[in-house]
**Q** 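Mind having a look at this structure? Questions to follow.
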There are 2 protein chains.
Amino acid sequence: MQMYATSRAQPDLQPIDRRPAQDWGELNVLGVARAFGRDQEIYAEGDKVDGLFKVASGAVRIVRLLRDGRRQVLDFYVPGDIFGVELGDVRGAAAEALVDTTLIVVRGSALAADPATGGRLTRCALRCLQRSQAHLVTLGRRTAAEKVARFLIDLADRTGGADDLALPMSRQDIADFLGLTIETVSRTFSQLQAQGLIAVAGCRAVVLRRRAALAAMCE
Amino acid sequence: MQMYATSRAQPDLQPIDRRPAQDWGELNVLGVARAFGRDQEIYAEGDKVDGLFKVASGAVRIVRLLRDGRRQVLDFYVPGDIFGVELGDVRGAAAEALVDTTLIVVRGSALAADPATGGRLTRCALRCLQRSQAHLVTLGRRTAAEKVARFLIDLADRTGGADDLALPMSRQDIADFLGLTIETVSRTFSQLQAQGLIAVAGCRAVVLRRRAALAAMCE
DNA sequence: CGGGCGGTTGAGGTCAATCAATCAGAGTGG
DNA sequence: CCACTCTGATTGATTGACCTCAACCGCCCG
């Protein structure tokens with residue numbers, strides 16, 4: 001079993017929000033910006049729920065840990081995404097910055113005061129649900145290669161859509177997201193590269209060479 | 001690859017809602033009751049989204065199908081549960097009755113007319129999200145035995161909490177829910193029985209003999 | 001230059017999938 | 001009432017995808 005660091009300063013990877021405003025633009029007004037260092041905890045499992053977050057720059061992982069150390073990454077969030085909406089008043093999973101990250105932090109009180117919150121909160125929850133359910137299919141019924149392909153396509157779609165992709169997360173994070181081991185993720189990257197579908201340029205950069213073929217691998 | 005039936009009359013298994021009212025009791029007023037036969041489709045993937053459903057009796061599965069026939073059951077719903085809330089206006093998954101089932105069907109227009117809808121809709125979405133994310137951990141990081149144990153404990157908790165359990169779903173449904181094959185599910189049932197943790201009485205009935213031990217298997 | 005960390009690669013093992021046979025129960029029809 | 005069939009479940013034998021264990025590599029940093 002390996003350990004998971006939870007704080008160390010590192011250079012940033014994704015400085016700006018390149019995506020079309022994902023509605024709810026005035027979150028920037030309701031909340032305040034706050035910076036987090038690489039691997040810094042944003043909230044922990046068990047923390048009291050208060051408000052939500054929008055990624056301004058950087059990236060975030062949501063993590064659940066089992067007692068014996070097994071780890072599942074529930075989702076990654078990139079600039080423009082909103083996260084932290086939960087049922088009940090206790091966090092069911094932790095949030096951690098993948099790289100140096102800036103968040104718009106919106107307290108529950110500020111949300112409650114804003115009349116436009118209601119429907120948007122529902123939409124936000126439903127978007128999370130949609131992603132979560134799509135991921136259920138990936139975890140339950142796809143092969144390692146399909147999982148990795150889907151991960152890459154999804155991340156590319158969500159970060160500007162360009163074919164060259166900066167990965168803010170480690171192989172371990174990807175493995176824990178896809179329900180694989182770090183070795184299998186690594187091997188799958190190599191295999192996809194051998195097939196000419198991607199080009200791996202250093203372990204944090206990937207170029208999607210044949211995006212259509214990759215997309216075809218996952219339904 | 002096997003086929004999945006979509007209609008045939010069969011006796012009912014769970015005639016009444018035994019759970020504490022899951023808030024939103026007045027859905028019974030907003031909507032109308034409608035009966036569905038075993039394996040009957042409630043809505044299909046691609047259908048237009050209109051309103052939501054509450055299970056009055058019976059049970060429901062939510063299903064996504066991949067082109068090549070692989071199937072993932074996203075969730076099961078039992079009496080008292082609300083389902084059918086989705087982002088966008090197109091169904092991303094199908095809903096089917098597991099057994100003869102009665103639903104309270106609430107049209108979107110009726111919902112929109114009711115002022116209390118807002119927060120409840122959000123809570124409903126968040127409850128689904130919570131279940132979905134818990135299931136991600138199960139699919140990504142648990143063994144077959146742990147998956148089955150968790151499935152049984154969860155179902156028992158949601159249907160009155162008694163130790164003897166009527167399964168409204170087939171082995172295939174369970175397999176597609178847990179990301180396993182029907183054979184593995186069957187073997188795991190046998191194995192749990194051999195360990196004295198459960199007693200299998202016909203393929204649609206299980207008794208949880210050592211519930212604490214079962215619960216301990218899944219975190 | 002040495003050490004540490006994250007990633008890659010290789011060899012071998014294991015758990016669940018696959019392939020296949022048998023079984024049990026519910027209908028069906030003679 | 002008893003064959004006969006059909007469907008779903010169980011069990012067995014074998015395979016294979018992914019995991020585990022281990023070595024190695026490349027890079028950064030002191």
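Computed from a predicted model, the values in this text were never measured in an experiment.
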**Q** Closest approach to the side chain of A:T143, judged atom by atom: which nucleotide of C:dA17, C:dA16, D:dC18 is it?
**A** D:dC18
**Q** Would the number of heavy atoms belonging to other residues, nucleotides or ligands and lying under 6.0 Å from CZ of A:R211 be above 12?
**A** yes
**Q** Might you point out which heavy atoms bring A:T143 and A:E146 nearest each other, and give the distance in Å?
**A** N-OE1, 2.9 Å
**Q** Could you check which residues of residues 145-155 of chain B get a heavy atom under 4.0 Å from DNA chain D? Sort them by number, please.
**A** none
**Q** Please report the distance, rounded to the nearest Å, between CZ in A:R142 and P in C:dA17.
**A** 17 Å
**Q** Could you check how far CZ of B:R70 sits from P of C:dA16, rounded to whole Å?
**A** 19 Å
**Q** Would you please classify the geometry between the A:F83 ring and the A:Y43 ring as parallel, tilted or perpendicular, with 30° and 60° separating the classes?
**A** tilted
**Q** Write down the atom of B:T181, the atom of B:A175, and the distance for their closest heavy-atom approach.
**A** C-CB, 3.5 Å
**Q** Rounding to a whole Å, what distance do you find between A:I182:CD1 and D:dC21:C1'?
**A** 14 Å
**Q** Rounded to whole angstrom units, what separation is found between the CG atom of A:D176 and the C1' atom of D:dC19?
**A** 14 Å
**Q** Can you tell if the side chain of B:S132 reaches within under 4.5 Å of the side chain of A:L129, non-hydrogen atoms only?
**A** yes
**Q** Hey, does A:I104 have a side-chain heavy atom less than 4.5 Å from the side chain of A:F53?
**A** no
**Q** Using every non-hydrogen atom in the two residues, find where B:L136 and A:H135 come nearest and quote the distance to one decimal.
**A** CD2-CD2, 3.8 Å
**Q** Is it possible for you to check whether B:R131 lies under 6.0 Å from the centre of the six-membered ring of B:F76, through NZ or CZ, and within 45° of that ring's axis?
**A** no
**Q** Between D:dC18, C:dT8, C:dA17, which nucleotide gets closest to the side-chain atoms of A:R171?
**A** C:dT8
**Q** Between D:dT20, C:dT18, D:dA9, which nucleotide has the shortest distance from any of its atoms to the side chain of B:R204?
**A** D:dA9
**Q** Would you mind reading off the distance between B:L178 atom CG and C:dA16 atom P, rounded to a whole angstrom?
**A** 12 Å
**Q** Would you give the length of the straight line joining atom CD1 of A:I62 to atom CZ of A:R91, rounded to the nearest 0.5 angstrom?
**A** 8.0 Å
**Q** Between N or O atoms, less than 3.5 Å apart, protein on one side and nucleotides 23-28 of chain D on the other: list the pairs.
**A**
none

**Q** Could you tell me how far apart B:D173 (CG) and D:dG8 (P) are, to the nearest whole angstrom?
**A** 10 Å
**Q** Which comes earlier along DNA chain C counting from the 5' end, the contact point of A:R141 or that of A:V200, where each point is its nearest nucleotide?
**A** A:V200
**Q** So which atom in A:E41 and which in A:E96 form the shortest heavy-atom distance, rounded to 0.1 Å?
**A** CA-CG, 4.2 Å
**Q** A:F177 pairs by side-chain contact (heavy atoms from CB on, under 4.5 Å) with which of A:V63, A:V73, A:L74?
**A** A:V73
**Q** Expressed as a whole number of angstroms, how long is the span from B:M169:CE to D:dA9:C1'?
**A** 16 Å
**Q** Report the distance from atom CZ of A:R38 to atom P of C:dC5, rounded to the nearest whole Å.
**A** 13 Å
**Q** For B:L180 versus A:R141, what's the shortest heavy-atom pair and its separation?
**A** O-NH2, 2.6 Å
**Q** Heavy-atom contacts under 4.0 Å between residues 183-194 of chain B and DNA chain C, which residues?
**A** B:E183, B:T184, B:R187
